[in-house]
J.: 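Below are the structure tokens for one structure; questions will follow.
In what follows, every heavy atom counts, from backbone to side chain, and hydrogens, waters and symmetry copies are set aside. Both counts, for ligands and for their atoms, begin at 1 and track the order of listing.
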Amino acid sequence: MENFQDEKQRDLSKNISDGTDQFLTTDQGVKINDDNNSLKAGERGPSLLEDFILREKITHFDHERIPERIVHARGSGAHGYFEVTNPIPELTKAGFLQEMGQKTPVFVRFSTVAGSKGSTDLARDARGFAVKFYTQEGNYDLVANNIPVFFIQDAAKFPDLIHAVKPEPHNEMPQAASAHDTFWDFISLMPESMHMIMWVMSDRAIPRSFRMMEGFGVHTFRLVNAKNESVFVKFHWKPKLGTHGVAWDEAQKISGKNSDFHKEDLWEAIESGNFPEWELGVQIIPTEDEHKYEFDLLDPTKIVPEELVPVTIIGKMVLNKNPENFFAETEQIAFHPGHIVPGIDFTNDPLLQGRLFSYTDTQLSRLGSPNFHEIPINRSIAPVHNNQRDGHMRQEINKGQVSYHPNSLGGGCPYQAMIKDGGFSSFNERVDAHKVRERSESFNDHFGQAKLFFNSQTDEEKSHIVKALRFELGKVKSSAVRVRVLGLLSQVDKKLAEKVAVGLGEKVPASPETPMNKGVSPENEGGNQEPTTSKQSVKESAALSMIKNPTNSPTIETRKVAVICTNGVSEKAVNNIKNALLKEKAQASIIAPNLGSISTDTGGAITADFSFLTASSVLFDAIYVPHGSDLSEIADSGEVQEFLNDAYKHCKVIGADGEASKIVSNAPFIAEITNFDSGIVMTSEIATAGFAKEFINAMKMHRFWQREPNLYN
Ligand code: HDD
């Protein structure tokens with residue numbers, strides 16, 4: 001079909017309702033004459049039951065809420081398209097991956113995991129990265145996270161994991177936080193979680209933006225080609241803007257200043273035409289290599305290091321349209337790892353197998369009916385015909401006498417599709433085994449890749465992990481739990497455990513306490529579940545570090561700079577930086593003591609975007625104080641000091657030129673700094689191109705983490 005990219009928008013347009021220039025009506029289409037007063041017996045009398053307008057309005061209101069998702073309740077969504085840049089027909093028959101330049105509409109929902117719908121975007125947490133591809137062969141969902149591994153190996157533990165991380169049941173605290181006893185109690189007894197723990201304690205768990213996150217399908221899936229040959233595959237999304245995080249202190253402050261920080265960032269980027277973009281990569285593992293590695297491909301707590309199997313880019317995804325309506329689209333979208341199309345198939349990963357049950361099941365209580373596939377955002381673009389019938393809120397009007405197969409009365413319709421006609425057939429993997437409630441011994445290495453991850457981090461990143469663990473475990477009241485976790489950490493890296501222990505005032509146990517000799521289920525009679533650490537064939541992997549990540553290209557596209565201005569500011573200096581930033585597709589916002597206009601040195605006026613009351617350093621990537629801005633005019637408030645102080649503390653670029661450079665250098669805490677790093681850009685000259693260039697080059701470094709004391713040293 002021509003321009004298939006827009007097919008989902010055409011499909012959705014059938015349901016879009018626009019009240020512009022229309023009368024207000026009841027749900028039955030009756031025009032309403034008075035929407036302000038209920039019907040009463042006399043103007044001061046009681047309301048009348050017969051007031052169908054009042055009853056309808058209030059009844060609808062009373063039932064507006066639906067249950068939030070049990071996990072991933074808080075999300076932000078966007079429309080876009082996926083484009084093939086490197087077709088792989090030799091590997092898969094999936095129709096949407098066959099031709100160069102082929103475009104498929106998508107809807108993406110990003111989410112936090114643990115928090116409620118109204119919680120903060122900046123919680124320390126994994127992020128959901130779920131993509132629905134509306135392909136011509138039906139919907140394909142890649143229900144991914146921004147972390148390539150998971151806490152647990154078997155879906156049987158998922159309810160326990162989520163119960164442990166959610167607010168504690170007796171007092172419903174804390175919200176959107178893993179820093180509490182039940183979470184760490186569970187983790188301390190689940191050595192298999194150690195690899196994922198390393199990731200969630202890293203800055204991956206506090207992204208700068210959804211647009212600056214990687215995405216991972218986690219499980220090993222299968223691709224199947226037209227000859228019914230299969231390979232294993234791991235999916236990767238690589239963001240065009242690089243993978244970046246914020247500082248933990250900053251994350252906590254953002255949560256107070258703007259808990260919609262990520263939601264707003266995504267929305268504004270799309271509204272301003274800065275369409276977020278990711279490449280889709282695949283790691284292909286031939287079937288014969290299934291047992292080649294020191295880890296099991298079916299174990300979702302393991303990655304396949306890129307050094308062993310490189311990532312091949314096959315396409316890109318661009319998000320170019322915000323939803324019309326949050327509830328109708330972002331809230332009602334229903335993802336499911338079981339929504340696959342011919343050419344893609346599952347593996348026996350026990351976590352994936354359990355997910356295949358859970359997702360449809362949860363929609364039944366969340367969306368209330370097996371007809372959730374008919375909701376516009378969930379509706380397939382490919383035609384849907386089957387003998388599923390009726391149920392709450394059924395939209396489709398199925399014609400005819402028959403609703404069963406096989407039938408003769410309906411001419412055998414709808415009929416089954418041959419494989420050559422695109423009929424789905426599962427990959428005919430041979431399975432010959434005893435029924436057992438056991439875990440494979442090949443899943444026992446719980447520390448090898450946790451070590452690999454930790455060893456792949458820079459010193460600054462290791463220090464952040466120490467700090468995160470000190471924070472998280474520092475909130476845990478039970479000393480026994482803290483010590484058990486230290487025992488597990490010591491299996492990953494002894495020094496890491498010791499450094500964390502210092503912050504907790506605890507001692508690392510000489511030998512790990514409970515779980516080491518017992519495994520996941522001590523009572524289990526079958527199988528050896530003794531945790532092990534396999535020798536890793538890859539010792540370090542740059543792709544695991546956000547700082548060393550080879551895909552991070554130096555760009556400041558869409559980054560935000562706070563330009564601090566007071567009356568008398570140099571117009572030339574402001575325009576110099578604004579224009580230079582614009583060329584790099586970054587943005588400058590004017591922050592002033594008050595909203596309204598500021599007079600410039602040339603008698604002109606600049607409009608303030610924010611006042612100090614409505615802005616904060618944590619909402620920006622860098623700060624610039626232009627020549628002519630007289631901070632002493634506003635210094636009393638302490639707000640400017642806080643602005644600069646936070647920017648420094650969060651390792652951001654601070655720039656000032658002309659007279660402002662003297663004022664900033666003399667600011668109390670900056671005056672104490674003995675060694676300026678290249679993130680502090682000061683010059684006594686005014687508005688030079690060289691200054692703007694230096695400022696922008698510093699911003700391209702993202703952060704100057706070396707400013708912080710290193711807790712791992
Ligand atoms: Fe899940 C939602 C990702 C394991 C059960 N999951 C959900 C979403 C994402 C993931 C991104 C939000 C989708 C949306 O935006 O609507 N989940 C994952 C990943 C996992 C994973 C990457 C491990 C590799 N999940 C997992 C397990 C189970 C579930 C093991 C259950 C056995 N997940 C659910 C769920 C949710 C869900 C309860 C809640 C809302 C929903 O499905 O639609 O069924």
J.: Flag the pair Lys321 and Glu324 as a salt bridge only when some basic side-chain nitrogen lies within less than 4.0 angstrom of an acidic carboxylate oxygen.
T.: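 Looking at Glu324 together with Lys321, the answer is yes, because their closest N to O distance falls below 4.0 Å.
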J.: Quick one: list whatever passes side chain to side chain donor-acceptor pair (under 3.5 Å) with Lys435, sequence neighbours left out.
T.: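 Residues passing side chain to side chain donor-acceptor pair (under 3.5 Å) with Lys435: none at all.
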J.: Show which atoms of ligand 1 fall inside a sub-4.0 Å distance from at least one heavy-atom site of Val218.
T.: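 Those atoms are 22 (C), 24 (C).
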J.: Please confirm whether Phe357 comes under 4.0 Å of ligand 1, counting heavy atoms of the residue only.
T.: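 No.
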J.: Would you say Asn145 has any N or O atom under 3.5 Å from an N or O of ligand 1, going by distance alone?
T.: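 Looking only at distances, the answer is no, because the N/O contact criterion of under 3.5 Å is not met.
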J.: Mind listing the protein N/O/S atoms less than 2.8 Å away from atom 1 (Fe) of ligand 1? Waters don't count.
T.: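 You should have found Tyr359 OH.
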J.: Quick one: look up the protein heavy atom nearest atom 43 (O) of ligand 1 and list residue, atom name and how far away it is.
T.: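 Result for atom 43 (O) of ligand 1: Gln363 NE2, 2.8 Å.
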J.: Could Arg222 and Glu429 be called an ion pair, given the rule that one side-chain N must be under 4.0 Å from one carboxylate O?
T.: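 Looking at Arg222 and Glu429, the cut-off is met.
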J.: Determine which pairs satisfy salt bridge (charged side-chain N to carboxylate O under 4.0 Å, His left out) with at least one residue from residues 302-318, sequence neighbours left out, and list them in order.
T.: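 The answer is Lys238-Glu306, Glu277-Lys316, Asp299-Lys302.
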J.: Give the numbers and elements of all ligand 1 atoms closer than 4.0 Å to a heavy atom of Phe129.
T.: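 That gives atoms 11 (C) of ligand 1.
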J.: Would you call the rings of Phe110 and Trp278 parallel, tilted or perpendicular, taking 30° and 60° as the class edges?
T.: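 Answer is tilted, since the angle falls between 30° and 60°.
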J.: Please compare Ala73, Ala144, Gly75 and report which has the shortest non-hydrogen distance to atom 11 (C) of ligand 1.
T.: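 The option holding the nearest heavy atom is Ala144.
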J.: Any non-hydrogen side-chain atom of Arg74 less than 4.5 Å from a side-chain atom of Ser111?
T.: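 In short, these two side chains do not touch, never coming nearer than 4.5 Å.
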J.: Measure Pro159 to ligand 1 on non-hydrogen atoms and call it side chain, backbone, both or neither using the 4.0 Å cut-off.
T.: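 No part of Pro159 is near ligand 1 at this cut-off.
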J.: Check whether the ring centres of Phe453 and Trp199 lie less than 6.0 Å apart, and answer yes or no.
T.: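 Yes.
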J.: Any Lys/Arg nitrogen of Arg69 or Glu331 sitting under 4.0 Å from an Asp/Glu carboxylate oxygen of the other?
T.: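 Answer for the salt bridge query: yes.
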J.: Work out whether the distance between some heavy atom of His336 and some atom of ligand 1 is less than 4.0 Å.
T.: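 No heavy atom of His336 comes that close to ligand 1.
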J.: Is any side-chain N of the basic residue among Asp11 and Arg379 closer than 4.0 Å to the acidic one's carboxylate O?
T.: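 The answer is yes: the pair qualifies as a salt bridge.
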J.: Please determine if Asp265 and Arg208 form a salt bridge, counting it only when a charged side-chain N lies under 4.0 Å from a carboxylate O.
T.: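 A salt bridge is present here (some side-chain N lies under 4.0 Å from a carboxylate O).
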J.: Polar-atom distance check: His219 versus ligand 1, any N or O pair below 3.5 Å?
T.: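 Min N/O separation from ligand 1 is not below 3.5 Å for His219.
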J.: Just distances here: any N/O of Ser111 and N/O of ligand 1 closer than 3.5 Å?
T.: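 Checking ligand 1 against Ser111, no N or O pair falls under 3.5 Å apart.
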J.: Can you list the ligand 1 atoms lying under 4.0 Å from a non-hydrogen atom of Ile70?
T.: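 Within the 4.0 Å cut-off of Ile70, ligand 1 contributes 38 (C), 39 (C).
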J.: What's the shortest distance from atom 41 (C) of ligand 1 to any protein heavy atom, and which residue and atom give it?
T.: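 Protein heavy atom with the smallest distance to atom 41 (C) of ligand 1: Thr362 CG2, 3.4 Å.
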J.: How would you list, by chain and number, every residue that makes a salt bridge (Lys or Arg N to Asp or Glu O under 4.0 Å) with Arg109, sequence neighbours excluded?
T.: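 Once residues adjacent in sequence are excluded, Arg109 has no partner under the salt bridge (Lys or Arg N to Asp or Glu O under 4.0 Å) criterion.
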J.: Tell me whether Asp185 is salt-bridged to Arg484, with the criterion being a basic N under 4.0 Å from an acidic carboxylate O.
T.: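 Salt bridge: yes.
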J.: Which atoms of ligand 1 sit under 4.0 Å from any heavy atom of Leu351?
T.: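 What qualifies from ligand 1 is 23 (C), 24 (C), 30 (C).
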J.: Closest non-hydrogen protein atom to atom 16 (O) of ligand 1, residue and atom name please, with distance?
T.: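 Atom 16 (O) of ligand 1 sits closest to the protein heavy atom Arg69 NE, 2.7 Å.
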